[in-house]
Amino acid sequence: MSDHHAEGVGAHTASAEYIRIAVVLFALTAMEVLLYEACFGHLKASMPGLSTSLSPWFVQLLLVLSAFKFWLVAMFYMHLKFDLKVLQWLFGFSLVLATIVIMALFTLFTYNRTLWWWGGVPW
Amino acid sequence: MATSALEYGHATAAKRSVLVEWLTTVDHKKIGIMYGASAFIFFLIGGLEALVIRTQLMRPDNHLVTPDFYNQLFTMHGTTMIFLAVMPISAMFFNFFVPLLIGARDVAFPRLNAMSLWIFILGGLFLNFSFLLGAAPNGGWFGYAPLSSRMYAPGHNMDFWVIGLQILGVASLAAGVNFFTTILNMRARGMTLMRMPIFVWAVLVTQVLVLLSFPVITVALIYLMLDRTFGTSFFNLTANGDPMLWQHLFWVFGHPEVYILILPAFGIVSEILPVFARKPLFGYSAMVFSMAFIAFLGFGVWSHHMFATGMGPLADSFFSLATMLIAIPTGVKIFNWIGTLWGGSLQFKTPLYFALGFIAMFIMGGLSGVIHAVAPADLQQTDSYFVVAHFHYVLFGGSIFSLTAGAYYWWPKMFGKLLDEGLGKAHFWVMLAGFNLTFFPMHFVGLLGMPRRIYSYPAGLGFDTLNLLSTVGAFLLGSSFLIFSYNIIKTWRSGAQAPADPWNGATLEWSIPSPPQEWNFAVEPIVTEKDPLWGLKRAAGVKVLPEPPRVSGEGIHLPAPSWWPLIVSVGFLTFLVGIMVKHASAFPFGPISIAGFAITLYGIYKWAYEPVDGHAPTT
Amino acid sequence: MTTAALDLHAHDAGAHHTSMPVPSRKLAMWVFIASECMFFATLISTFVIYRDSHAKGPGPKDVFGVPLVTAGTAVLLFSSFFVVMALNGAQQGDRKKLLRWLSLTVLCGVFFVGMQVYEFTHFVTEKHLGYTTNLFASSFYTLTGFHGTHVAVGTLWLATLLKDAWKGRIPPAKALNLEIAALYWHFVDVVWIIIFPVVYLMSLGR
Amino acid sequence: MPLLAVVLAGLAACTGPFPQSTLSPKGDFAQTVDHVFMLTVYLAVGVFILVEGVLLWTIFKFRGKPGDAEPKQIHGSTVVEVIWTIIPAVVLAIVAVPTVQAIFKTAEVPTVSADGKAPLKIEVIGHQWWWEFRYPELGITTANEIHVPLNRTIDLRMKSIDVIHSFWIPQFAGKRDVFPNRETRIWFTPNTTGAFPGACAEFCGEEHGRMDFYLMVDSPDDFASWTTRRQADSTLDNFGFAKPAVVAVPVVPAIPAKAPAAALVADTVAIDPKVAEGQKLVMAKGCIGCHSFNAMHPTKGVIGPNLSGIGTRKMIAGGWLEGSDENLKRWLQHTQEVKPGVGMKIGPVTDAEAAAIIAYLRTKR
Ligand code: HEA
Ligand code: HEA
Ligand code: CUA
Ligand SMILES: [Cu+2]
């Protein structure tokens with residue numbers, strides 16, 4: 001039954017592709033850092049216009065960039081793209097659940113702290 | 001360790017002493033039996049604790065036990081019943097029957113399986129050991145902060161709880177990985193996912209719940225341990241820690257946990273009903289999808305345990321509605337069970353009694369659950385005996401009834417003897433009567449305003465009669481387990497020898513001798529349909545297949561026994577105990593922890609390089 | 001028939017029968033990774049909830065610096081790339097390639113752990129951010145500490161594999177041993193891919 | 001209701017009154033809750049009878065006889081499965097709408113109470129294992145017994161000084177947890193006078209079981225007189241002595257003072273030598289270290305319950321003992337046996353001392 005098994009990684013993706021992905025990953029990380037520097041760090045002073053237009057989107061942009069990085073590693077380095085669908089489901093479902101839980105907890109806590117019933121009268 | 005696996009592989013198995021054999025076994029059936037036996041003992045201990053609780057509450061202002069001991073009792077009762085009784089009794093069925101039901105020789109990782117068992121047993125003993133020191137956990141089974149913090153719980157009581165649960169969590173996670181893999185990957189040829197016995201589906205979904213909810217409690221317990229031992233303040237007020245975080249994390253785990261307790265029960269009943277109705281399960285795929293849906297929804301309702309905390313109307317509404325939704329897939333299950341019975345030819349054997357009892361009682365518990373889900377109404381019921389009634393109807397009326405059904409159903413396969421039918425039915429009726437007498441009045445005493453977890457109540461509030469009824473019921477209920485124990489002993493001594501297929505079963509385990517031989521299937525089965533055994537019988541035109549012969553296992557390779565699972569477990573326990581006994585020294589880990597850690601690491605290393613080539617059994 | 005029966009055990013991936021076209025050990029690693037998602041989700045949630053709880057002592061803006069963690073991030077990303085190359089080598093039976101890339105991976109692991117040790121000591125001694133100084137500190141150290149422990153375990157694991165590879169014990173037929181470790185390693189990397197922006201950059205950029 | 005009523009009537013016959021029942025709501029909050037609850041119970045009982053009925057009937061109808069042929073092998077039916085998915089969904093929708101309405105209704109504290117006044121604010125503070133109540137607008141502190149006027153909306157703001165407790169007066173409102181690090185609120189408008197028991201509902205340690213209290217719903221007149229007496233106590237020092245110069249009694253326009261406050265206290269103290277003896281003992285035994293007789297947010301003596309008005313308290317010891325002389329004596333002499341683990345740790349008290357102390361406490365009316 002060994003013919004069932006996924007063929008080796010090399011069959012799908014050559015070293016060259018790994019290198020290409022590595023380059024993209026670095027570019028993305030560099031963009032993250034640059035984004036931070038542009039919005040809040042050293043570059044802020046030299047390009048104030050860019051800074052003010054980007055900083056409201058800072059968090060969202062960061063999340064998109066890292067999600068993309070995450071996706072690249074998972075799909076190509078972890079080979080999910082070519083592997084069994086079950087594995088994609090398994091990982092995908094856990095990730096979605098994990099994200100929902102983080103978001104829900106975060107919402108519950110910030111929401112609680114801002115609404116009146118947590119107002120807190122000094123005792 | 002002089003006794004390396006290789007020696008085992010080639011020396012004759014007969015030379016091993018029985019003790020060594022059981023300590024080193026990696027056979028899923030032996031492991032299952034050890035799970036079952038130890039869990040049943042823990043169940044009796046938990047039941048005994050309940051009986052003391054009930055005796056204390058028999059009349060108002062009673063002074064049988066001190067308040068602190070009472071708190072220890074209900075904390076240990078809840079913790080024991082959930083983590084040391086229902087979960088491991090389910091694990092007994094997972095272990096013994098999942099490989100048999102899917103036509104496999106063992107689980108995917110037999111040694112990991114043994115490790116789960118040993119960690120569980122050591123964790124259970126460790127928790128109960130606290131009684132000997134007079135310092136059993138006393139903070140309730142959900143250990144709310146800040147009551148569980150060092151400041152309000154200075155003794156070792158809650159250390160035992162934190163570490164005990166941490167240990168048990170690791171056992172569950174390891175088993176979760178193992179069974180998920182086993183079910184996906186070890187099925188007999190031809191057994192597609194949608195041909196799997198429904199119990200196996202239940203186990204699969206349960207493991208998903210375990211895998212995704214236990215990490216949360218693991219982290220929460222780590223925080224609590226850090227708070228108690230290393231002076232952090234995750235839940236301590238002194239440095240702005242928020243006790244609400246504990247509640248959220250606990251229930252993010254806690255609600256999926258209750259489905260971890262009930263889904264295996266659903267699975268068992270779904271196996272039993274078709275066999276005794278002589279009719280396939282009604283709506284198999286709906287049964288599968290409803291379980292998956294219950295599990296999925298189960299992750300989005302945790303805050304229904306926190307309606308009284310004042311989360312605000314939006315959150316309350318969300319969690320209220322999400323909780324109610326669960327009634328729909330659960331209803332589908334109930335109705336499909338009735339659909340299975342409908343038009344059948346019901347064979348009234350003991351397993352069917354308990355399975356029917358399960359359906360009848362679980363409906364009751366489920367409906368009181370829906371009443372809880374109505375957030376404003378829950379403000380009156382939460383933390384009252386109404387909740388106690390609700391969860392005993394689902395946990396005892398649900399899980400325990402079903403697990404007992406499973407025990408009667410599968411006993412002949414496990415031990416080769418049929419349990420006595422007459423005693424079994426007596427067990428059922430006494431249990432049903434005792435159960436309802438115990439827990440039905442609790443609905444009312446709760447609505448009349450009795451809070452839970454109180455060690456006594458004053459006269460004059462109208463609680464007296466109802467509590468007395470509950471107490472009488474509890475003793476009746478307890479005596480039903482004496483009948484069961486007697487049945488076991490009697491069967492052990494002189495029970496009727498069980499044939500391979502006493503009930504006209506539909507699934508693969510009934511095709512092999514009772515009890516199964518070490519290698520389960522002499523010939524790997526090939527499956528072409530659901531209910532494969534019925535198909536086989538139908539094709540052969542017989543009601544009962546010829547008794548399968550016991551064969552020699554010549555040439556069959558099985559995984560070798562190993563000491564390492566036990567050693568790793570001991571090391572792990574030592575590591576955590578070391579953290580507990582460390583008394584605020586500057587160095588984070590004491591020598592005991594370090595020794596434990598070293599043993600664990602060494603064990604894992606040796607384990608990884610231990611050859612897994614099997615031995616050829618000779619029996 | 002008996003020979004078919006023999007194949008029921010999948011301890012050794014490869015030749016044995018499995019119902020899914022994936023070796024059991026690899027499947028198990030994925031299952032474990034799925035579970036770990038929730039583990040880190042909980043740790044990250046806690047950090048996000050508590051990152052502003054620093055009435056006493058320094059807060060994120062007082063301690064975090066971008067360059068060092070960026071270097072750490074880069075190193076982890078590199079190592080993911082390295083290990084994938086090593087695996088490629090193992091599968092092709094190219095022992096040289098395997099050894100070269102695998103040792104680089106281990107080196108990265110050591111470097112990352114070293115970076116974290118340096119970072120922690122720096123925070124503690126120079127920024128006066130002890131483990132229990134405030135909740136920001138506790139949740140930060142616990143989250144990154146557990147991540148660091150994962151890296152350390154992974155490094156140890158890869159190091160034993162490196163030893164095996166050195167002794168020629170990882171032929172293409174056993175490349176699975178490395179593949180599983182690599183999966184774990186990548187996961188540890190992607191967790192950091194989340195931690196880096198969520199913990200460092202977002203706490204700074206507010 | 002019929003089913004419940006029958007069962008409860010039956011119970012009532014043998015066990016008597018249920019002062020802590022959730023089923024006899026005596027105010028708007030509890031009634032709102034009760035309405036949704038009863039609706040849900042009706043439906044649940046309906047579903048219960050229906051489903052259990054069908055189950056029993058099926059069991060009875062399809063019992064097998066020896067020699068039965070194999071029954072027809074049915075694998076399912078999409079039509080009926082869809083039907084029994086939809087019906088529960090409809091039932092739940094019927095419950096869901098009033099649920100959400102009630103959630104929003106109970107979440108908001110009304111701004112005007114039934115008697116046209118602003119809601120009465122009371123601060124609730126949970127202690128291990130007793131309750132403290134403060135009336136910021138009236139300048140009163142008391143413990144284990146809340147007094148409220150009839151038909152006035154009560155706006156409770158709650159906090160704990162140690163662990164989590166939960167405040168519960170079943171006949172008036174649902175539970176609300178009381179946290180050490182945040183304020184929670186609950187409200188109700190009482191529509192019946194009387195004394196109603198309440199309890200702590202969240203497990204809070206050793207004596208969680210004995211953390212009860214009483215709610216006294218007074219007629220407006222009674223409430224005014226109670227207020228006056230408490231405010232008079234605010235002029236005392238912590239020991240219960242009248243202060244030499246009466247400092248600023250808070251002016252409370254809503255409740256007219258009926259008697260001159262200081263006078264009330266002054267004449268009771270002087271009369272009985274036993275009382276004077278008791279007062280000395282209260283100082284000598286160190287009671288004042290934990291208690292205070294001053295009802296206005298005292299700065300000292302806040303470890304134990306405020307003893308202003310202790311002489312007329314219905315219950316003592318966390319609402320557990322009738323406030324009789326024997327019980328007070330038992331409390332003073334055997335505190336740790338009556339309520340093991342309690343924070344009141346005092347030396348031995350002789351019978352004579354106890355009698356004197358009690359005599360003194362009785363003057364605090
Ligand atoms: C086996 C365990 C188990 C199971 C299966 C359930 C099932 C459910 N539980 Fe329960 N629950 C517990 C164990 C369990 N629970 C425990 C241990 C606690 C207390 C923890 C503690 O505080 O210590 C608790 C507490 C608890 C609470 C919190 C109470 C409180 O403390 O305030 C709530 C609130 O919503 C709740 C709801 C539900 C619901 C809606 C279901 C549903 O899944 C039930 C669904 C089933 C049915 C509804 C019946 C069958 C359906 C039909 C016949 C169809 C028709 C029905 C309708 C149209 C309604 N449960
Ligand atoms: C599966 C779970 C499970 C099971 C089966 C049970 C079973 C029982 N429980 Fe359970 N119970 C819980 C889970 C469970 N419970 C939980 C989670 C809590 C909450 C804890 C908390 O608040 O933290 C709780 C709380 C709880 C309380 C509330 C305590 C309080 O709030 O103050 C009560 C009170 O009556 C009670 C009673 C019982 C009784 C009478 C049984 C009976 O069914 C037991 C039947 C009796 C036996 C099985 C005894 C058999 C043994 C013998 C006959 C002798 C054997 C001899 C030797 C061992 C030498 N339980
Ligand atoms: Cu306070 Cu329970
Ligand atoms: Cu729940």
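Source: prediction; values computed, not measured.
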- Bottom line for Leu212(B): the part with an atom under 4.5 Å from chain C's heavy atoms is both

- Item | Phe179(B) portion near chain C, given a 4.5 angstrom heavy-atom threshold | neither

- Query: Among residues 156-165 of chain C, which residues come closer than 4.5 Å to chain B, judged by heavy atom distances?
  - Reply: Thr160(C), Lys163(C), Asp164(C)

- Query: Which answer fits Leu173(B), side chain, backbone, both or neither, if we ask what part of it has an atom under 4.5 Å from a heavy atom of chain C?
  - Reply: side chain

- Note on the structure: Honestly, the part of Leu184(B) sitting under 4.5 Å from a heavy atom of chain C is both

- Query: Between OG of Ser149(B) and CG of Leu237(B), what distance do you get to the nearest 0.5 Å?
  - Reply: 7.5 Å

- Any residue of residues 128-142 of chain C which, by heavy atoms, sits under 4.5 Å from chain B: Tyr131(C), Thr132(C), Leu135(C), Ser138(C), Ser139(C), Thr142(C)

- Item | Ring geometry between Phe597(B) and Phe575(B) (parallel below 30°, tilted from 30 to 60°, perpendicular above 60°) | tilted

- Straight-line distance of Ile102(B) CD1 to Ser19(C) OG, nearest 0.5 Å: 7.0 Å

- Which of parallel (below 30°), tilted (30 to 60°) and perpendicular (above 60°) describes Trp101(C) and Phe81(C)? perpendicular

Enumerate, atom names and distances included, each donor-acceptor pair closer than 3.5 Å involving a side-chain atom of residues 110-118 of chain C, sequence neighbours excluded.
unit_1	atom_1	unit_2	atom_2	d
Gln116(C)	NE2	Thr144(C)	O	3.1

- Item | Top of Ala220(B), Ala608(B), Gly231(B) for chain C proximity - count of heavy-atom pairs under 4.5 angstrom | Gly231(B)

- Residues His28(B), Asn520(B); criterion side-chain hydrogen bond (donor to acceptor under 3.5 Å, both in side chains); working and verdict: CA-CA 10 Å; His28(B) 70 98; Asn520(B) 299 348; 2.9 Å; yes

- Message: Does any backbone or side-chain atom of Thr232(B) lie under 4.5 Å from a heavy atom of chain C? Answer side chain, backbone, both or neither.
- Response: both

- Task: Output the residues of residues 31-46 of chain C for which the shortest heavy-atom distance to chain B is under 4.5 Å, in residue-number order; output 'none' if no such residue exists.
- Result: Val31(C), Phe32(C), Ala34(C), Ser35(C), Met38(C), Phe39(C), Thr42(C), Leu43(C), Thr46(C)

- Start with the C-alpha gap between Asn185(B) and Ser24(C), add the side-chain angles, then the distance that decides, and say whether side-chain hydrogen bond (donor to acceptor under 3.5 Å, both in side chains) holds. CA-CA 6 Å; Asn185(B) 233 3; Ser24(C) 287; 3.2 Å; yes

- Residues Ser213(B) and Phe299(B): closest non-hydrogen pair is CB-CE2, 4.0 Å

- Query: Do Phe250(B) and Phe253(B) have ring centroids that are under 6.0 Å from one another?
  - Reply: yes

- Take atom NZ in Lys97(C); do more than 12 heavy atoms of anything else shown fall under 6.0 Å from it? yes

- Okay, Tyr605(B) and chain C: the region with an atom under 4.5 Å from a heavy atom over there is side chain

- Task: Would you indicate whether Phe296(B), at its atom CZ, is surrounded by more than 12 heavy atoms from other residues, nucleotides or ligands within a distance under 6.0 Å?
- Result: no

- Kindly determine whether Ser303(B) and Trp251(B) satisfy side-chain hydrogen bond (donor to acceptor under 3.5 Å, both in side chains), including the steps that lead there. CA-CA 7 Å; Ser303(B) 287; Trp251(B) 292 118; over 6 Å; no

- Salt bridge between Arg105(B) and Glu524(B), side-chain N to carboxylate O under 4.0 Å? no

- In terms of the angle between their ring planes, are Tyr223(B) and Phe235(B) parallel, tilted or perpendicular, with boundaries placed at 30° and 60°? perpendicular

- Heavy-atom proximity to chain C below 4.5 Å, by part of Leu226(B): side chain

